[in-house]
Amino acid sequence: MRYWLFKSEPGTFSIDDLVKKPTHWDGVRNYQVRNFLRDDIKKGDRGFFYHSSCKVPGIMGTFEVIKSGYPDFTAWDSTSDHYDPTCSVDDPRWYMVDVRLIQKFNRVVTLDEIKGNPVLDKMWVARRGNRLSITPVTEKEWKTVLKLV
DNA sequence: GCCAACGTTGGC
DNA sequence: GCCAACGTTGGC
């Protein structure tokens, strides 16, 4: 089993949306992240749900992957915000996984806190200029964050 | 709202 | 295949 961190802007999709029901993690249009979704993220993997571009960026909770990577059908949907007209049904380019909430934390593990923690400060999300919306998390980082909440 | 970082695009 | 221009992300 592997661990991941998924970023989302709470104005678009927040932890409270995930509390209500499982979701397709659609709309990823970056090749590095696509490769994670297609090749590496498997059913049973766990992840941190991270709020970005908001007042207090940080980890809000945990989720479980309930379906491994499969083609992101919103790429073929001309009514979708994520529509990619250059993408054919025969040759899927973009992938997604399905996730469901495990736990919403009682408090936010903030980006400041991550940067200030010697075990966590190597996490991708703490690195300057990091723009990947999904990044790997080590088992040590996973356990360390869970101990904080 | 600014701006650094960096992925993507497209001309050559 | 190089690289400048452009667009997007995301912390501050």
Side-chain angles (χ1 to χ4, degrees), chain A residues 2-20 22-42 45-65 68-99 101-138 140-142 144-149:
Chain A
R2 296 182 66 177
Y3 301 99
W4 306 91
L5 181 143
F6 284 29
K7 283 196 262 192
S8 184
E9 298 187 20
T12 305
F13 187 85
S14 79
I15 184 95
D16 290 317
D17 294 316
L18 191 62
V19 168
K20 286 178 211 150
T23 189
H24 312 301
W25 202 269
D26 63 289
V28 169
R29 299 292 179 266
N30 167 286
Y31 286 104
Q32 271 178 272
V33 178
R34 185 281 307 269
N35 292 345
F36 286 146
L37 288 167
R38 187 188 57 189
D39 305 331
D40 300 319
I41 302 177
K42 299 298 177 195
D45 285 1
R46 303 279 164 101
F48 290 133
F49 191 103
Y50 178 92
H51 279 182
S52 67
S53 292
C54 58
K55 205 163 183 184
V56 185
I59 299 170
M60 308 301 294
T62 56
F63 62 84
E64 177 184 6
V65 177
S68 302
Y70 63 105
D72 178 348
F73 52 75
T74 65
W76 302 317
D77 177 0
S78 61
T79 66
S80 166
D81 290 344
H82 307 302
Y83 179 52
D84 180 353
T86 67
C87 195
S88 88
V89 179
D90 304 334
D91 183 21
R93 177 176 312 151
W94 305 115
Y95 282 73
M96 61 184 174
V97 297
D98 291 353
V99 301
L101 185 85
I102 295 175
Q103 177 193 11
K104 180 184 173 182
F105 294 162
N106 294 318
R107 67 177 192 85
V108 184
V109 177
T110 66
L111 180 58
D112 277 350
E113 209 175 339
I114 291 166
K115 287 180 172 171
N117 184 308
V119 179
L120 303 178
D121 63 5
K122 310 272 184 318
M123 289 178 74
W124 279 74
V125 79
R127 292 181 205 169
R128 202 153 137 264
N130 156 54
R131 302 180 50 191
L132 300 180
S133 60
I134 296 179
T135 52
V137 168
T138 68
K140 194 174 178 193
E141 290 161 349
W142 179 263
T144 301
V145 170
L146 290 183
K147 268 187 243 158
L148 293 174
V149 294

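Below, read A as the first sequence line, B as the second, and so on, with proteins coming before strands; counting in each chain starts at 1.
- Residue A:Gln32 has its side chain nearest to B:dG7 when only C:dC12, B:dC6, B:dG7 are considered.
- Side-chain proximity of A:Pro57 to the nucleotides C:dG11, B:dT8, C:dG10 is greatest for C:dG11.
- When heavy atoms are screened at a 4.0 angstrom cut-off, A:Lys115 is found touching the sugar-phosphate backbone but no base atom.
- Side-chain proximity of A:Asn30 to the nucleotides B:dG7, C:dT8, C:dG10 is greatest for B:dG7.
- Of all heavy-atom pairs spanning A:Trp142 and A:Phe48, the tightest one is CE3-CZ, 3.3 Å.
- Side chain of A:Tyr31, nearest nucleotide from C:dG10, B:dT8, C:dT9: B:dT8.
- Atom CZ in A:Phe6 sits roughly 17 Å away from atom P in C:dT9 (whole-Å rounding).
- For the pair A:Asp121 CG and C:dG11 C1', the interatomic distance rounds to 17 Å; values are reported in whole Å.
- Using a 4.5 Å heavy-atom threshold, the side chains of A:Met96 and A:Phe73 count as touching.
- The aromatic rings of A:Trp25 and A:Phe63 sit parallel to each other, their planes meeting at less than 30°, with 60° as the upper class boundary.
- Note: CD1 (A:Ile59) to P (C:dG11) measures 12 Å, nearest angstrom.
- To the nearest angstrom, P of B:dT8 lies 13 Å from CZ of A:Arg29.
- In this model, the phosphate group of C:dT9 is not approached by any side-chain N or O of A:Lys7 to a distance below 4.0 Å at OP1 or OP2.
- The CG-P distance, from A:Asn130 to B:dC3, rounds to 22 Å in whole Å.
- Here C:dG10 presents its C1' atom at 16 Å from CD1 of A:Ile134, a figure rounded to the nearest Å.
- C:dT8 atom P lies 17 Å from atom CG of A:Leu132, rounded to whole Å.
- A:Ser52 approaches A:Lys7 most closely through the heavy-atom pair CB-CD, 4.2 Å.
- To the nearest angstrom, C1' of B:dT8 lies 13 Å from CG of A:Asp84.
- A donor-acceptor pair under 3.5 Å is absent between the side-chain atoms of A:Asn117 and the main chain of A:Ile114, judged by distance alone.
- Which of B:dT8, C:dC12, C:dT9 sits closest to the side chain of A:Asp112 comes down to C:dC12.
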